[in-house]
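Chain identifiers are assigned alphabetically (A, B, ...) following the order of the sequence lines, protein sequences preceding nucleic acid strands; residue numbering begins at 1 within each chain. The figures that follow rest on heavy atoms only: side chains count, while hydrogens, waters and symmetry mates do not.
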There are 2 protein chains.
Amino acid sequence: MRIFDQGEPVMYEKKIPLTIDCGLHLTKEVLNGKWKPALLNAISMDIKRPSEISRLLPEATRRVLNVQLKELEEHGMVEKKIYPQLPPKVEYSLTEIGWSLMPLIDAMNRWGDANRTFLETVIAQDPKNGKISKSPCPAYRRMRAI
Amino acid sequence: MRIFDQGEPVMYEKKIPLTIDCGLHLTKEVLNGKWKPALLNAISMDIKRPSEISRLLPEATRRVLNVQLKELEEHGMVEKKIYPQLPPKVEYSLTEIGWSLMPLIDAMNRWGDANRTFLETVIAQDPKNGKISKSPCPAYRRMRAI
DNA sequence: CAGAATCCACCAGGATACTG
DNA sequence: CAGTATCCTGGTGGATTCTG
């Protein structure tokens, strides 16, 4: 997405070369980011406007959500539609390849839920983890069969 | 794993509280670490000794592999067996819950491979990514049906 | 062979304030 | 409502060296 060209943005390169060998690493790269799976999940649930998404994930800053949404867009997982109006309106949607990720996301979700009590125990035991917030996840419906 | 009690080790706490809401985040936490999925995959392939694993993942330092293996162990995904002999011998194995993660790992692997050409393109385009190593992933056989 | 101890570069992600 | 600009913290993972 690029509406106006704003000259040379401040850019930098990751100094450490990316490991791209097996499919595992490609997938990790796409899902790399604290909120990426949650974002894909939200959009698949038809929660597609930034304000809605932000309400769904109140622990994430708008800035971070924007950053990760942009990465998802650059990786071709989501599409961004900008309605040129006031107040501005933006809607995200999953691309075909983005939809193809949903079974994976669902599997992650299910595995985590299935093992919730065990995982919460071992993760909480870990002295590296300070407080843990257990805010429940509201249930939403997938907007398309996959 | 704890063989000898060595007094109070240097400990610290993560300052930022962990987000544990939906299963997604629990799963992300367990798989959080650059080499975790690859490690689980390797061990499931019966590549279970540190030296073997290190040979399989030459781009990772021994230190990092140790750190992430220890986390997997603390999270109950792998078990570590130490043979008290010289030269020392160590073997890792998946726990039941560790095995239950394998369908997920496989799905990630398959998705990444299925979309390899597309993903390599979009990820390589990203100016944030410097060099990309495309060393192929050797094929190994799963040591147990899941 | 296995791994602990240091040291540190890098960057992801949070806080805050601001524009259109 | 949506997005950008700064600034900053802390934690991940890499390099190196050392032990048994």
A.B. asks: Report the distance from atom NZ of K80(B) to atom C1' of dA4(C), rounded to the nearest whole Å.
C.D. replies: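 From K80(B) NZ to dA4(C) C1': 11 Å.
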A.B. asks: Just how far, in rounded Å, is C1' of dA2(D) from NZ of K70(A)?
C.D. replies: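 For the pair K70(A) NZ and dA2(D) C1', the rounded distance is 12 Å.
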A.B. asks: Kindly point out which of dG13(D), dG3(D), dA15(C) is positioned nearest to the side chain of T61(A)?
C.D. replies: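 Of all the options, the side chain of T61(A) is nearest to dA15(C).
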A.B. asks: Which atoms form the tightest heavy-atom contact between Q85(A) and K89(A), and what is the distance?
C.D. replies: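 Between these two residues, the closest heavy atoms are NE2-CB, 3.6 Å.
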A.B. asks: Please report the distance, rounded to the nearest Å, between CG in L65(B) and C1' in dG3(C).
C.D. replies: 12 Å
A.B. asks: Once you round it to whole Å, what is the distance between P of dG3(D) and CZ of R62(A)?
C.D. replies: 7 Å
A.B. asks: In whole Å, what is the span from the NZ atom of K81(A) to the P atom of dA2(D)?
C.D. replies: 15 Å
A.B. asks: Say whether, by atom type as modelled, one donor and one acceptor occur between the side chain of S54(B) and the main chain of P50(B) under 3.5 angstrom.
C.D. replies: no
A.B. asks: Could you report the tightest heavy-atom contact between L65(B) and A60(B), atom names first, then the distance?
C.D. replies: CD2-CB, 3.7 Å
A.B. asks: Rounded off to whole Å, could you give me the CG-to-C1' distance for the N66(B) and dT16(D) pair?
C.D. replies: 15 Å
A.B. asks: So which nucleotide from dA2(D), dG13(D), dC1(C) ends up closest to the side chain of S51(B)?
C.D. replies: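 Nearest listed nucleotide: dC1(C).
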A.B. asks: Between the base of dG3(C) and the side chain of R63(B), is there a donor and acceptor pair under 3.5 angstrom?
C.D. replies: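 In this structure, the two groups form no donor-acceptor pair.
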A.B. asks: Would you kindly compare A60(A) and P88(A) by the position of their nearest DNA chain C nucleotide and give the one closer to the 5′ end?
C.D. replies: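 Mapping each residue to its closest nucleotide by heavy atoms, the 5'-most match is A60(A).
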A.B. asks: What's the closest nucleotide to the V64(A) side chain, out of dG13(D), dG14(C), dG3(C)?
C.D. replies: dG14(C)
A.B. asks: Validate the cation-pi geometry between K80(A) and Y92(A): distance from NZ or CZ to the six-membered ring centre under 6.0 Å, angle to the ring axis within 45°.
C.D. replies: no
A.B. asks: Rounding to an integer number of Å, can you tell me how far I82(B) CD1 sits from dG20(D) P?
C.D. replies: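 Spelled out: CD1 on I82(B) to P on dG20(D) is 17 Å.
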A.B. asks: Expressed in angstrom and rounded to an integer, what is the separation of R49(B) atom CZ from dG3(C) atom P?
C.D. replies: 10 Å
